[in-house]
Each structure stands twice: as structure tokens, then as C-alpha cells.
Amino acid sequence: MGDSITEGTVAGVEKQPGDSVKEDDVLLQIETDKVTIDVRYTESGEGTLKEMLVQADDTVSVGQEVAVVAKGEVSQQQPSKEEQKPSEPKQEAAPESKKDEKPAQQPPQQPQPQPPAQPRKGSQPKSPPTQQPKPSSLKEGQEAAAGTPLRPERRVKMTRLRARVAERLKGAQNTYAMLTTFNEIDMTNLMQLRTEFKDTFIEKHGVKLGFMSAFVKAAADALHLVPAVNAVIDGDEIVYRDFTDISIAVATPKGLVVPVLRNADLLGFAGVEKAINALGKKARDGTISIDDMAGGTFTISNGGVYGSLLSTPIINPPQSAILGMHSITQRPMVVGKEILPRPVMNVALTYDHRLIDGREAVTFLRRVKDVVEDPRRLLLDC
């Protein structure tokens, strides 16, 4: 675990006492405020789980023992189970003989349910008028009550990851002077570029050419152009980073994670796509590590994949800005002297106004727009 993590919560227990285990088997999962970590059996050779010292939802600290495994006892346990199985029918055979002795006591019990059936017959004409209004009144009461099955609710304990995300985002609102600027990008040229080279690209590099690589390269270029967006306030000083580690927001079933793409400015389109695919897969599989998410100087969040038309993203602390991508929609635009339908994406830049002035924020977002609309600018450095 990372140096900043001192404890976690047992998210799930994968093995039970008596189970055989071999090298690299997952014994349990521990959820921290950043990632979910698999606790694996690391010894060579097989063994048997003798005791699981924790259970789901337990809080565990770093260094705490969680399980006891006896090495090389798999073969010894299997025959013991086989010895127990034949003994079970022998134990069941004993009560069967006792049941044979009870038939003499059962007959007096059988006529007992019959006598109550006779008075029920006599009370049938009286019971219907009194019983019919009661169920109807109960149904009406159930429909009117707030806690009935008509409006159920569930309470689920917040995961450590979700609680940490909530804490960080609320802390960002309380600390930063956040302001958002918007622009729109004509995606025509980038879409044509992808259509023309997508087959050749995937044949050579083994990954698809997506839009994210263009935005990562455009953001890296803009960060060099406007260093303040890549900087951060530390006490009474401003720290300017001359490298670009871009965090990519990825949604997972357990919450939002932001793996970091290291030295994005030094990667080509293929390198960016490969790195994003690898990090995204690790995030969805739950195998992403704290090192994969440590650092980051700038964040890109693509809400457009879920259909978002426009949003104001919240800064990912301790960074100073975040770029929000949105869905692509056909809109009428003036092209030359004509009005034509064009694929347009809204983009938003939320920034810390304590550090970044409006002029710098607009300049940054304008540079992203120019590069995405015409990626040849990266080749010509203009």
C-alpha cells in the first residue's frame, strides 16, 4: 500500500477455511480510499487455509495478519472430508429408528387438527362479513404508508473510495476559487482523419484511433504554451511543473478513479491510445495500483461518452485545472458563406482563479480547440 494509507476495509473474502490455495490465489480484497487491493497467497506450492482472521466489512490496518495458511496439507484434508461423508448417513439412520417408535404417538395428534375444522364450518357465515373489510382496510393503509413496498428504500454503507472522492471534491470547492470557461470544437477534420487512417492505424499499432489521443496531445501542447495551467499553489509559492502528467478520469463500478498518463507530451498518438487502454482496463478490473494514480498535473474528463452535452467539472486536487469533454452533436454552422451541419463538441475548462487569470484560461482552451480542429498544427508547431 502507499505511504499515505494506514488502514482499509475488507471488501470481500474469496477463500474459506478448509479451501486449498496455490501461489497467486486471491484470499481476500481490501478496499482503501484510493484502490481495491487483492491479498494473494505468495508462497510456492499448495497449502490449506486453516483460519480466516477477518470477515467482510472489517477494518484492517497495515501489517495486520488476516489469514493462516498451512503449507502442503492439501492431501491430508481431503481424506478427512471423505471420512466424514460416510458417517453422516450413519447418524441419520439412528433417528430413523426412533421415528418408527413414534407412530403410536402420532395418531392422537392427527385428530386434533380435525376438531378445529368443524367449528370453522359453523363460523364461516359469520367470519366473511367481519374479515372482508379488514384486508381492504389493510391494503389502503399499506398504500398510504410511506414505508410500504410501494416506495422501498435501501441503505448501503459508502465505500472508502466513494467517501474519499466526496471528501476531495468538497475540499476542492471549499479551497479553490473555481471558474469555468467554455468553447466549442468543430470535429469534422478529426473525424475525417480517423476515418481515413483507422484501418492502417489499428493494423500497425494494434489499438483503435480514438478522439482521446488528440485531446491529450492538444492539452499537452497547450500546457507548454500556458505554464500557469500546469502549475500549483504551495503555501505562498507557485510551483511550475515542466512535465505533463495528464490524469484521465475513468468511471468504475466502485467510483471514479484517475490514472495518470506519464510524460504525455513525449508520446505519439499510438502511445497515448495504448497507455489509455492499459490504464482503463486495470481500472475496470480493479487491478490498478496507487502508483498508477499518484501525481498528475492536469486532468481530462470525458463525460461525452455518457451523453453529457455541457457540464462544469470540478478540479482534481491538488491540480489547478480540468478539461471537460462532451458529446458530439450535429449543429448548423457558418462555413464560408454557407450554413452547413457540422459535428460539434462543447468543451469546458474549470480552473483555479487564484492562480490562473481569465486570459490564460481562454488562451489555453483556444489552443486545445485549434489543435483538435487541425492536428497538423502539432507537426508544424504553429
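This is a predicted model, so every value here is computed, not measured.
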Quick one: does any side-chain atom of [X] pair with a main-chain N or O of [Y] as donor and acceptor, under 3.5 Å?
X: His326; Y: Gly303; value: no
X: Asn302; Y: Gly304; value: yes
X: Arg168; Y: Pro317; value: yes
X: Asp186; Y: Thr188; value: yes

Would you call [X] and [Y] a side-chain contact if the rule is heavy atoms closer than 4.5 Å?
X: Lys15; Y: Val21; value: yes
X: Pro375; Y: Leu190; value: yes
X: Ser44; Y: Lys71; value: yes
X: Leu261; Y: Val216; value: yes
X: Val207; Y: Phe269; value: no
X: Val372; Y: Phe215; value: yes
X: Val344; Y: Ile328; value: no
X: Phe182; Y: Leu349; value: no

Flag for Thr350-Thr180: side-chain donor and acceptor within less than 3.5 Å:
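The criterion, which ignores hydrogens and geometry beyond distance, is satisfied for Thr350 and Thr180.
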Roughly how far, to the nearest 0.5 Å, is [atom2] of [Y] from [atom1] of [X]?
X: Arg194; Y: Ser213; atom1: CZ; atom2: OG; result: 9.5 Å
X: Lys369; Y: Asp374; atom1: NZ; atom2: CG; result: 12.0 Å
X: Ile246; Y: Lys217; atom1: CD1; atom2: NZ; result: 9.0 Å
X: Glu203; Y: Thr200; atom1: CD; atom2: OG1; result: 6.5 Å
X: Glu7; Y: Thr32; atom1: CD; atom2: OG1; result: 10.5 Å
X: Ile30; Y: Thr9; atom1: CD1; atom2: OG1; result: 9.0 Å

Run Glu373 and Asn189 through side-chain hydrogen bond (donor to acceptor under 3.5 Å, both in side chains) and show every step you take.
CA-CA 6 Å; Glu373 288 186 342; Asn189 292 336; over 6 Å; no
Using the rule that Ile, Leu, Val, Met, Phe, Trp and Tyr join whenever any side-chain heavy atoms are under 4.5 Å apart, tell me whether Ile300 and Val362 fall into a single cluster.
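In one cluster with Ile300: Val362, no.
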Tabulate below the donor-acceptor pairs under 3.5 Å that side-chain atoms of residues 52-65 make, not counting sequence neighbours, or state none.
residue, atom, partner, partner atom, Å
Asp58, OD2, Gln55, N, 3.0
Gln64, OE1, Ser61, N, 3.1

Atom [atom1] of [X] with >12 non-hydrogen neighbours under 6.0 angstrom:
X: Asp285; atom1: CG; result: yes
X: Gln173; atom1: CD; result: yes
X: Ile339; atom1: CD1; result: no

Under 4.0 Å between a side-chain nitrogen and a carboxylate oxygen: does that hold for Arg40 and Asp25?
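Salt bridge between Arg40 and Asp25, a charged N being under 4.0 Å from a carboxylate O: no.
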Residue pairs passing the salt bridge (charged side-chain N to carboxylate O under 4.0 Å, His left out) test where at least one lies in residues 261-276, sequence neighbours excluded:
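Applying salt bridge (charged side-chain N to carboxylate O under 4.0 Å, His left out) to every pair that reaches into residues 261-276, excluding sequence neighbours, yields Asp245-Arg262.
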Using the six-membered ring of Tyr176, assess whether NZ or CZ of Arg354 lies under 6.0 Å from its centre and within 45 degrees of the ring axis.
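Because its charged atom misses either the 6.0 Å distance or the 45° angle limit, Arg354 does not stack over Tyr176.
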Give the C-alpha distance, both sets of side-chain angles, the deciding distance and a yes or no for side-chain hydrogen bond (donor to acceptor under 3.5 Å, both in side chains) between Gln319 and Thr297.
CA-CA 6 Å; Gln319 300 172 12; Thr297 62; over 6 Å; no
If the plane angle is over 60° it's perpendicular, under 30° parallel, otherwise tilted; pick one for Tyr351 and His353.
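Answer is perpendicular, since the angle exceeds 60°.
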